[in-house]
Amino acid sequence: MYLILLGPPGSGKGTQAERLCKQLDLPHVASGDLFRDHLKRETDLGNLARSYIDKGQLVPDDATIAMIKERLSRSDCRGGTILDGFPRTQAQAEALDSFLQELGQQLTGVLFIAVPDDVLIERLSGRRICRKCQTPYHILFSPPREAQTCDLCAGDLYQRDDDQPETIKARLDVYHKQTAPLIKFYKAANLLHEVDGNMDIDQVTDTMLTIIRSLRP
Ligand code: AP5
Ligand code: MG
Ligand code: ZN
């Protein structure tokens with residue numbers, strides 16, 4: 001199963017991917033998490049990506065596509081994966097199609113998580129992330145049991161640099177201009193399934209699982 005979680009920043013891609021991957025026993029491939037790992041390790045790719053991520057802009061397609069291809073080539077992705085945050089441009093979507101073709105695979109479906117902009121801003125402003133396992137929390141909507149500590153791995157929680165008001169605004173603009181056109185693209189390919197992301201986290205997961213189970217026996 002090759003599934004894409006498509007949606008604006010803060011729509012819950014990371015939150016839902018985490019849960020779906022556990023339920024479906026699939027690896028979670030999140031382009032943002034991969035970039036943040038490169039930043040931390042100060043690789044060449046990390047240094048290139050930093051200037052874009054800090055401004056809320058997209059990292060150039062060629063570097064992003066190469067990183068994802070490398071990740072999808074690893075053995076744990078052989079049975080499929082859940083993609084979170086990739087593709088984000090038409091060029092990335094086309095590159096993914098041809099890469100899956102090379103692997104003799106195809107996309108199973110695209111889950112588009114719809115959430116209004118005002119809700120997204122509220123979510124991103126209160127988000128905290130686990131430094132060790134990247135699990136997202138929210139100070140009001142999804143707080144950890146113990147303040148500043150991850151429920152799953154006891155790692156420290158931190159606030160992402162790009163979750164500042166100015167950068168959030170830039171990320172939303174970029175999403176509407178560069179990524180939202182993919183909704184039409186995948187609708188035309190008969191792969192798009194829209195999910196109301198403005199419900200409880202559990203309700204969104206249940207809705208997604210129902211859709212996914214209807215895609216393939
Ligand atoms: P990335 O890390 O992918 O960030 P994003 O797309 O902006 O998405 P987020 O991670 O902010 O949101 P999410 O949808 O995962 O929401 P979450 O589950 O955390 O990308 C970062 C940067 O990397 C980009 O700006 C770009 O520079 C670069 N990049 C990445 N991919 C790229 C690509 N393909 N091409 C080029 N550049 C790329 O939830 C958010 C908050 O809401 C959390 O606090 C959570 O607890 C809470 N929450 C979630 N669901 C609910 C709910 N149902 N009700 C209430 N609260 C909820
Ligand atoms: Mg995320
Ligand atoms: Zn953790």
Side-chain angles (χ1 to χ4, degrees), residues 4-20 28-39 45-46 48-68 71 82-93 95-96 111-115 119-144 148-163 167-175 178-179 182 195-208:
I4 294 175
L5 301 191
L6 178 66
S11 54
K13 301 182 297 294
T15 302
Q16 297 302 333
E18 187 81 31
R19 293 157 156 244
L20 296 176
H28 177 192
V29 174
S31 43
D33 289 350
L34 293 172
F35 281 131
R36 280 183 290 279
D37 183 55
H38 278 277
L39 291 187
L45 177 59
L48 169 87
R50 184 182 304 279
S51 54
Y52 295 94
I53 293 177
D54 284 351
K55 285 186 229 133
Q57 292 168 359
L58 295 184
V59 179
D61 281 335
D62 49 356
T64 305
I65 291 166
M67 175 180 78
I68 292 292
R71 179 65 190 89
I82 296 187
L83 284 160
D84 152 9
F86 182 93
R88 260 166 142 103
T89 63
Q90 175 93 17
Q92 291 179 16
L96 177 64
L111 297 166
F112 164 54
I113 316 178
V115 178
V119 177
L120 297 172
I121 292 168
E122 208 183 5
R123 286 190 188 176
L124 292 172
S125 321
R127 173 166 63 182
R128 299 292 182 274
I129 309 271
C130 173
R131 221 178 262 290
K132 264 206 237 159
C133 76
Q134 322 299 329
T135 298
Y137 294 86
H138 191 282
I139 49 173
L140 302 175
F141 309 139
S142 174
Q148 307 298 344
T149 310
C150 176
D151 291 351
L152 303 180
C153 78
D156 263 351
L157 304 188
Y158 79 105
Q159 183 166 29
R160 264 168 54 177
D161 287 342
D162 61 348
D163 279 347
T167 323
I168 291 175
K169 209 184 146 294
R171 284 159 61 204
L172 286 173
D173 285 348
V174 164
Y175 167 77
Q178 292 180 262
T179 305
L182 291 182
V195 178
D196 177 6
N198 199 9
M199 306 187 284
D200 276 0
I201 294 177
D202 285 342
Q203 279 178 297
V204 178
T205 311
D206 289 346
T207 307
M208 287 183 151

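When a ligand or atom number is given, it counts from 1 through the structure's own listing order.
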Do [X] and ligand 1 have an N or O pair less than 3.5 Å apart?
X      : result
Val59  : yes
Gly12  : yes
Asp200 : no
Gly10  : yes
Lys13  : yes
Asp162 : no
Tyr52  : no
Gly85  : yes
Asp84  : no

Are the side chain of [X] and the backbone of [Y] linked by a donor-acceptor contact shorter than 3.5 Å?
X      : Y      : answer
Gln203 : Met199 : no
Gln16  : Ile201 : yes
His138 : Glu122 : yes
Lys13  : Gly7   : yes
Tyr175 : Ala170 : no
Arg123 : Gly10  : yes

At a 4.0 Å threshold, what atoms of ligand 1 neighbour a non-hydrogen atom of [X]?
X      : result
Thr15  : 17 (P), 18 (O), 39 (O), 45 (C), 49 (C)
Gly14  : 13 (P), 15 (O), 18 (O)
Gln92  : 33 (C), 34 (N), 35 (N), 36 (C)
Pro8   : 14 (O)
His138 : 44 (O), 46 (O)
Pro136 : 18 (O), 19 (O)
Arg36  : 2 (O), 21 (C)
Ser31  : 30 (C), 31 (N), 32 (C), 34 (N)

>> Could you work out, for atom 7 (O) of ligand 1, the closest of Arg171, Gln134, Gln178, Arg160 by heavy-atom distance?
In response: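 Among Arg171, Gln134, Gln178, Arg160, the closest heavy atom to atom 7 (O) of ligand 1 comes from Arg171.
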> Taking the minimum heavy-atom distance to atom 57 (C) of ligand 1, which of Met67, Met199, Arg123, Gln16 ranks first?
Replying inline: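 Heavy atom nearest to atom 57 (C) of ligand 1 belongs to Arg123.
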Part of [X] within contact of ligand 1 (heavy atoms, under 4.0 Å):
X      : answer
Thr64  : side chain
Tyr175 : neither
Asp163 : neither

>> Do the side chains of Arg171 and Asp163 get close enough for a salt bridge, i.e. N-O under 4.0 angstrom?
In response: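 Salt bridge flag = yes for Asp163 with Arg171.
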>> Less than 4.0 angstrom from a charged side-chain N to a carboxylate O is my criterion; do Arg19 and Asp202 meet it?
In response: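 Counted as a salt bridge, because a side-chain N and a carboxylate O are separated by less than 4.0 Å.
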Closest approach of any protein heavy atom to [atom], naming residue and atom:
atom                    : value
atom 3 (O) of ligand 1  : Arg88 NH1, 3.1 Å
atom 19 (O) of ligand 1 : Arg127 NH1, 2.6 Å
atom 27 (O) of ligand 1 : Gln57 O, 2.6 Å
atom 44 (O) of ligand 1 : Tyr137 O, 2.7 Å
atom 22 (C) of ligand 1 : Ile53 CG1, 4.1 Å
atom 38 (C) of ligand 1 : Phe35 CE1, 3.7 Å

Give a yes/no on ligand 1: does [X] have at least one heavy atom closer than 4.0 angstrom to it?
X      : result
Gly7   : no
Gln203 : no
Gly197 : yes

Search all heavy atoms of [X] against all heavy atoms of [Y] and return the closest pair with its distance.
X     : Y      : value
Ala93 : Leu182 : CB-CD2, 3.8 Å
Leu96 : Phe86  : CB-CE2, 4.0 Å
Ala95 : Ile65  : CB-CD1, 3.7 Å
Ile68 : Ser31  : CD1-CB, 4.1 Å

>> To check your reading of the site, what angle at the Zn ion (ligand 3) do SG of Cys150 and SG of Cys130 form, to 10°?
In response: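 With the Zn ion (ligand 3) as the vertex, the angle is close to 110°.
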Side chains of [X] and [Y] in contact at under 4.5 Å (non-hydrogen atoms):
X      : Y      : value
Tyr158 : Cys130 : no
Phe35  : Met67  : yes
Arg127 : Ile139 : no

>> Applying the side-chain contact (heavy atoms from CB on, under 4.5 Å) criterion to Glu18, which one of Thr205, Thr135, Asp84 satisfies it?
In response: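 Passing option: Thr135.
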> For Asp161, does the CG atom sit with more than 12 other heavy atoms under 6.0 Å from it, leaving out its own atoms?
Replying inline: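 Count not over threshold, so no.
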>> If we count only N and O atoms by modelled type, under 3.5 Å, do the side chains of Asp162 and Thr167 hold a donor and an acceptor together?
In response: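 No, no side-chain donor-acceptor contact under 3.5 Å.
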